[in-house]
Amino acid sequence: MLDVLGNLERTHSCGELREQNVGERVVLMGWVAKKRDFGVFTFIDLRDREGMTQVVVSSETVAEAHAKAKSIRGEFVIAVKGTVVSRAEGTQNAKLATGDIEVKVEELLILNDAAVPPFQLEVAGSENLAAEDTRLKYRYLDLRRPQLQHNIRMRAKAVKAIREYFDGRGFIEIETPILLKSTPEGARDFIVPSRIHTGKFFALPQSPQILKQITMIAGFDKYYQIARCFRDEDLRADRQPEFTQLDMEMSFVNREQVYREMEGMFNHVLKLIDVDLPAEWTRMTYAEAMRRYGSDKPDLRFGMELKDLSESLKGTDFAPFADTLEKSGEIKCIVVKGKADYSRKQLDELQEFVKRYGAGAMAWIKIGDELTSSLLKVLGEAKITELAAAAGAAKGDAVLIVAGKRSVVAASLGALRNEIARRENLIDRSKYECLIVTEFPMFEHDDETDTYIAAHHPFTSPMDEDLEMFKTAVNDPSQHNLLGKVRAKAYDAVINGYECAGGSIRIHQKDVQALNFKALGMSPESSRSQFGFFLDALEYGTPPHGGFAAGIERTCMILVGTENIRDVMAFPKTASAQDLMMDSPGVVDPSQLDELGINVVDE
RNA sequence: GGAGCCGUAGUUCAGUUGGUUAGAACGCCAGCCUGUCACGUUGGAGGUCGCGGGUUCGAGCCCCGUCGGCUCCGCCA
């Protein structure tokens, strides 16, 4: 028989009692984390969100409570009334914040029993943790673990800090609709059928992009929102179909003014974990980031920059390299310090790794006691020595070389750089390295359709310096591929190799916007049918404006030091976009479909 | 859409060349135990080896398919 709570009130949490509370009569409530039964007395570790306290029930002093304690098990919900007592010398527990005291129980109430948990919440190491699918099915149990409690609370603090920051800077929080209209660009939309307008659909926002620009046109000057976003694309370790963004926009500003807000916001948030970021972050152009790191979001916590070997290999008759150079590709490398002892097997693994990014092969040079290289036979020892010198490698180092299309070389060596840093433990986990990557390209070439698509989104402003080139590229068909050279006023904030925020200065003049739609191959008619309301809005006095959006989850991942986005979301989905606890998505009642005029066709 | 790794007791794992009764630890159940905090101790219960098919005298192990989890590529303006 369970006890009733009645009028009993907690006096303290399970994490706060200390030596100075000794002698106080207290009431604690929580979950039984562990029970240790010694026959005549029983220890219980009582847990709540604030921590753990040991309570003792003795059969000699409180026979009734002790009898009840016999029947409890892990995750039972209990209340104890008792006195805080100091623990005898030698019986304190240094691992517990409350370990100098314990509560001597006078009365014990079993507020609820609990089934035996499907997995153990308290395990020695993370490697003994139950498989993630089991924990996702019983998410409410997994969330009881102190680590996840901490993560979710850190997320709440981060969101609060963000609101503090923007509120303090005069920004106005404005909510935008979740039900809006599908637009064809970008990610796949999640769509929602309309009952009232049978056959028509709303779309969930991929981001509030257009609406936040309209808040600028509407004269709010500084807008922000903690906005839920939805993208029906495949998941990754750092990507979920629904996620949360800090979305902000401001009027009458240049790029530097937006950078200041990005810096200011992240600097404020990182204080939560006592990290002081520089007031002004490093700026690096996209071109430089790609050249030096092979990535538009380089992790600057370690070096190992990419080195170009193309110059040294000019005129080589080794066919793969000669072909690459002829097709204006690149031959680049990274130097791995002290890894001349890489085994053949390890090098093969690394080659397999870069092949995932489209590299045809990975050549290597090892400067051990002897100079060895996969290229020794084809290039000769003199050339290999020259290459090693050009790469800046010293005795004891390994040089890993990839040749091919520029984009492939960057992707594969950029990824290899991160992979080696991870494998060789080159990353100082106490470091936080941030930068702003600037001047992203305006367009990306789509090889499949041989067209240019917006690299950021179709409302991004080109760089003033590139405006003439942009006009030429759009208006002169023979100059069309100049589009690939046009730079945008687009930027990303990068912390520790994670893209934490991105944004741009927007186009505020309708003729430039029209030019951009034309560049993207959209006729005036199709742009009007998709964005007509927005083009109308641009007609009525749009201020220059720009902003950014920051990933809340990615920011929280940095705050709690995890590489798994599910660790910072209360109710995440699996890699196949299912919720194992609710078992969603699920089928709906046929009557619901009838009402919406929807037929489900079997595959 | 593609690739890799994984799937054995409630949980984490082991399981030899394919061999007869599938093990360990934790958890669970029943005892014992006056200072534990990974308590100790005695005993016990607990298995559709993800699922389906195949090869074989015989399959946890080999083969094919399939489902699920994780990670990556494509995708994510």
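The sequence lines fix the lettering, A, B, ..., with proteins before strands; numbering per chain opens at 1.
Judged by closest nucleotide on RNA chain B, A:V56 is the one of A:V56 and A:R239 placed further toward the 5' end. The nearest heavy atom of RNA chain B to A:K95 and to A:P117 marks one nucleotide each, and the one closer to the 5' end goes with A:P117.
Annotation: proximity of residues 408-419 of chain A to RNA chain B (heavy atom, distance under 4.0 Å) is found for no residue. Within a heavy-atom distance below 4.0 Å of RNA chain B, the residues of residues 349-360 of chain A found are A:R356, A:Y357.
Taking the side chain to side chain contact (heavy atoms under 4.5 Å, CB included) definition, one finds that A:R145 meets it with A:L121, A:L129, A:R135, A:D142, A:Q147, A:L148, sequence neighbours left out. For A:E106, the side chain to side chain contact (heavy atoms under 4.5 Å, CB included) criterion is met by A:R25, A:T83, not counting sequence neighbours. Among residues two or more places apart in sequence or in another chain, the side chain to side chain contact (heavy atoms under 4.5 Å, CB included) test is passed with A:A415 by A:F353, A:Y357. The side chain to side chain contact (heavy atoms under 4.5 Å, CB included) search around A:V85 returns A:E102, A:K104, not counting sequence neighbours. Qualifying salt bridge (charged side-chain N to carboxylate O under 4.0 Å, His left out) partners for A:K70, counting only residues two or more places apart in sequence or in other chains: A:D37.
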Can you list, pair by pair, the side-chain donor-acceptor contacts under 3.5 Å of residues 493-502 of chain A, counting residues two or more places apart and other chains?
from	atom 1	to	atom 2	distance (Å)
A:N496	OD1	A:E433	N	2.8

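Note on A:D232: nothing from the nucleic acid sits closer than 4.0 angstrom, heavy atoms only.
Whole-Å rounding puts the A:F230 CZ to B:C76 C1' distance at 16 Å. Separating the CG atom of A:L121 from the P atom of B:U11 is a distance of 14 Å, rounded to the nearest angstrom. The distance from atom NZ of A:K104 to atom P of B:U36 is 18 Å, rounded to the nearest whole Å.
In terms of polar N and O atoms assigned as donor or acceptor, the side chain of A:R87 comes within less than 3.5 Å of the base of B:U36 in a complementary pairing. A donor-acceptor contact under 3.5 Å is not formed by the side chain of A:R231 with the base of B:C76. Residue A:Q92 places no side-chain atom within donor-acceptor reach of the base of B:G35, judged by atom type and a 3.5 Å distance cut-off alone.
The pair A:K212-A:D247 meets the salt-bridge criterion, since a charged nitrogen lies less than 4.0 angstrom from a carboxylate oxygen.
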Provide a list of protein-nucleic acid N or O atom pairs under 3.5 angstrom, restricted to nucleotides 41-44 of chain B.
none

Between protein and nucleic acid, restricted to nucleotides 67-70 of chain B and to nitrogen or oxygen atoms under 3.5 Å apart, what atom pairs and distances do you find?
from	atom 1	to	atom 2	distance (Å)
B:G69	OP1	A:T574	OG1	3.0
B:G69	OP1	A:S576	OG	3.0
B:G69	OP1	A:Q578	OE1	3.4
B:G69	OP2	A:S576	OG	2.9
B:C70	OP1	A:A575	N	3.2
B:C70	OP2	A:A575	N	2.7
B:C70	O3'	A:R566	NH2	3.0

Enumerate the protein-to-nucleotides 24-26 of chain B contacts in which both atoms are nitrogen or oxygen and the separation is below 3.5 Å.
from	atom 1	to	atom 2	distance (Å)
B:C26	O2'	A:Q120	OE1	3.4
B:C26	O2'	A:Q120	NE2	2.5
B:C26	O2	A:Q120	OE1	3.0

Each nucleotide N or O in nucleotides 1-3 of chain B that has a protein N or O under 3.5 Å away: list the pair and distance.
from	atom 1	to	atom 2	distance (Å)
B:G1	O6	A:D234	OD2	3.4

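Between A:R73 and B:C29 there is a side-chain N or O to OP1 or OP2 distance below 4.0 Å.
B:A14 and B:C62 have their P atoms separated by 14 Å, with the value rounded to a whole Å.
For B:C5, the paired nucleotide is B:G69, the pair qualifying as Watson-Crick or G-U wobble because both relevant distances are below 3.5 Å.
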